[in-house]
*Asks:* 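Okay, here's the structure, questions in a sec.
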Number of protein chains: 2
Amino acid sequence: MEDEVDRLVAAWRRERPDLDVEPLEVLSRVSRLARHLDRARRLAFAEHQLEPWEFDVLTALRRAGTPYQLSPGQLLTQTLVTSGTMTNRIDRLAKKGLVERLPDPSDRRGVLVRLTDTGRDRADQSLAGLLTQERAILGELSQAQRAELAGLLRQLTAPFDNIPG
Amino acid sequence: MEDEVDRLVAAWRRERPDLDVEPLEVLSRVSRLARHLDRARRLAFAEHQLEPWEFDVLTALRRAGTPYQLSPGQLLTQTLVTSGTMTNRIDRLAKKGLVERLPDPSDRRGVLVRLTDTGRDRADQSLAGLLTQERAILGELSQAQRAELAGLLRQLTAPFDNIPG
DNA sequence: CTCAAGTATCTTGACGTCGAGATATGCGAG
DNA sequence: CTCGCATATCTCGACGTCAAGATACTTGAG
């Protein structure tokens, strides 16, 4: 089956036959698919009265395990947002009673963000919903294909995640 | 090499051994990679005094071929933004002299957005820059792997692009 | 012809993000 | 000890996006 990127690449080959646009076959699909996923996630989370950004923060804390707390800095690297954004997110989540801010006992510059019981429940519920939806999207692929795809993507993400880029 | 998603998945398996989180191996990588790509693109375009959103609109028009014009509606489907956003983008690009708005001769509700000569040059220059950068990112993969990856991604994007989703 | 439903675009206000700078604390060389 | 640089977080203003609704035109059934 054809997709928008096939059409996009064909158009470039017609308009700029002098250029090799093959990189777009991979990277434009990544960007467009991410955009579609954002929309789908927004719908899935709406059932749990959560925004995608709230999910990202709550689940990062949930994954940390008991006592479900991380510094704002640790949350930054996991969610790929800037520090001003994270301050804002923590403020709003705290106002909703899903997280609380505690002073870091070992560094007086620092703060720890801790999941409340309510926040933990929300994280658990919405994760289950997300997985259900993602399985539907991946239904197109066999188990072997999913593993193949994950491996190829890892080769692209690893440099970003490891080198301080 | 390990990436952030490997760590994320390992954490979920520890915290929620009851859930099958395998879908995240693919889709979390897609979302995170897209985020890294956004940042990289922003840097690449800065050399041409262009924002990523400006590139998206200008190149959609450039790909259309002579006379480089499309309706706002056609631009929506290519760029995955809402109509209010596109109106705003066209306003700003017109103010910079990169596009111009013309009445649609065949439908008085409609408008055609046309690339100016300056806009066309900018689109061509920045596309070359983008491709150079994308080739560097894809350097991790062999030609065969890139083709494999593109094919797998197409299977995921095609349903979104074809069914009116 | 007429009118209702459909379509294309624009308007508006709320919202989340970014980037640069501010503040406060930690740490190592001398 | 102390000075200067590094680090952790927060503040603030500008900006881009979204969703919902408004406006203007088109189309087809009757």
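In the text below, chain A, chain B and the rest are named by the order of the sequence lines, each starting its count at 1.
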*Asks:* At what distance, to the nearest 0.5 angstrom, does CZ of A/Arg62 lie from CG of A/Asp121?
*Replies:*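 The CG atom of A/Asp121 is 9.5 Å from CZ of A/Arg62, to the nearest 0.5 Å.
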
*Asks:* 5'-most contact on DNA chain C: B/Ile90 or A/Asn88, nearest heavy atom basis?
*Replies:*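 It is B/Ile90, whose closest nucleotide lies nearer the 5' terminus.
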
*Asks:* Within this structure, what is the CD-to-P distance between B/Glu51 and C/dC18, rounded to whole angstrom?
*Replies:*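 Taking CD of B/Glu51 and P of C/dC18, I get 13 Å after rounding.
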
*Asks:* So do A/Thr116 and A/Tyr68 actually touch side chain to side chain, heavy atoms under 4.5 Å?
*Replies:*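 Not in contact.
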
*Asks:* Does any part of the side chain of A/Pro105, heavy atoms only, come nearer than 4.5 Å to the side chain of A/Leu112, both counted from C-beta?
*Replies:*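 Side chain of A/Leu112 against side chain of A/Pro105, heavy atoms only: contact under 4.5 Å found.
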
*Asks:* For B/Leu70 and C/dT9, give me the distance from atom CG to atom C1', rounded to whole Å.
*Replies:*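 Result: 15 Å.
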
*Asks:* For B/Leu102 and C/dA8, what is the distance between atoms CG and P respectively, to the nearest whole Å?
*Replies:*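 Between P of C/dA8 and CG of B/Leu102: 18 Å.
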
*Asks:* In whole Å, what is the span from the CG atom of B/Asp104 to the C1' atom of C/dA8?
*Replies:*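 Distance, rounded to whole Å: 10 Å.
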
*Asks:* B/Arg42 or B/Leu112: which one's nearest nucleotide on DNA chain C is closer to the 5' end?
*Replies:*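 With B/Arg42 and B/Leu112 compared, the 5'-side residue is B/Leu112.
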
*Asks:* Go through C/dC18, D/dC18, C/dT17 for me and flag the one nearest to the A/Arg92 side chain.
*Replies:*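 Of the candidates, C/dT17 comes closest.
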
*Asks:* Quickly work out the B/Met86 CE to D/dG16 C1' distance and round it to whole Å.
*Replies:*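 It is 12 Å, rounded to the nearest whole Å.
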
*Asks:* Could you state the atom-to-atom distance from CG of A/Leu80 to C1' of C/dC18 in whole Å?
*Replies:*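 Atom-to-atom, A/Leu80 to C/dC18, this comes out as 14 Å.
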
*Asks:* Do any side-chain nitrogens or oxygens of B/Arg35 fall under 4.0 Å of OP1 or OP2 in C/dC18?
*Replies:*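 True: B/Arg35 side-chain N/O within range (under 4.0 Å) of C/dC18 OP1/OP2.
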
*Asks:* Calculate the interatomic distance between B/Arg89 atom CZ and D/dC18 atom P; express it in whole Å.
*Replies:*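 About 7 Å, once rounded to whole Å.
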
*Asks:* Rounded to whole Å, how long is the line connecting atom CG of B/Leu75 with atom P of C/dT9?
*Replies:*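 Atom CG in B/Leu75 sits about 9 Å away from atom P in C/dT9.
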
*Asks:* How would you label the contact of A/Gly84 with the nucleic acid (heavy atoms, under 4.0 Å): base, sugar-phosphate, or nothing?
*Replies:*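 It contacts base atoms.
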
*Asks:* When you measure from the side-chain N and O atoms of B/Arg101 to the phosphate of C/dC10, is any distance below 4.0 Å, counting only OP1 and OP2?
*Replies:*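 So the side chain of B/Arg101 is within the cut-off, an N or O lying under 4.0 Å from OP1 or OP2 of C/dC10.
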
*Asks:* Could you walk me through whether A/Gln145 and A/Glu140 pass the side chain to side chain donor-acceptor pair (under 3.5 Å) check?
*Replies:* CA-CA 9 Å; A/Gln145 287 179 311; A/Glu140 309 288 327; over 6 Å; no

*Asks:* Run A/Asp161 and B/Arg7 through salt bridge (charged side-chain N to carboxylate O under 4.0 Å, His left out) and show every step you take.
*Replies:* CA-CA 11 Å; A/Asp161 284 343; B/Arg7 297 187 263 275; 5.4 Å; no

*Asks:* Are B/Arg108 and C/dT7 close enough that a side-chain N or O sits under 4.0 Å from OP1 or OP2?
*Replies:*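 No, B/Arg108 has no side-chain N/O under 4.0 Å of OP1/OP2 on C/dT7.
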
*Asks:* Taking the minimum atom-to-atom distance to the side chain of A/Pro72, which one of C/dC10, D/dC10, C/dG19 wins?
*Replies:*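 For A/Pro72, the side-chain atoms sit closest to D/dC10.
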
*Asks:* Between the base of C/dT7 and the side chain of B/Arg109, is there a donor-acceptor distance below 3.5 Å?
*Replies:*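 Side chain to base: pair found, below 3.5 Å.
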
*Asks:* Answer yes or no: does a side-chain N or O of A/Thr85 lie under 4.0 Å from OP1 or OP2 of C/dT17?
*Replies:*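 Looking at the OP1 and OP2 atoms of C/dT17, neither is under 4.0 Å from any side-chain N or O of A/Thr85.
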
*Asks:* Quick one: on DNA chain D, does A/Ser71 or B/Asp107 contact a more 5' nucleotide (nearest heavy atom)?
*Replies:*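 Going by which nucleotide is closer to the 5' end, it is A/Ser71.
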
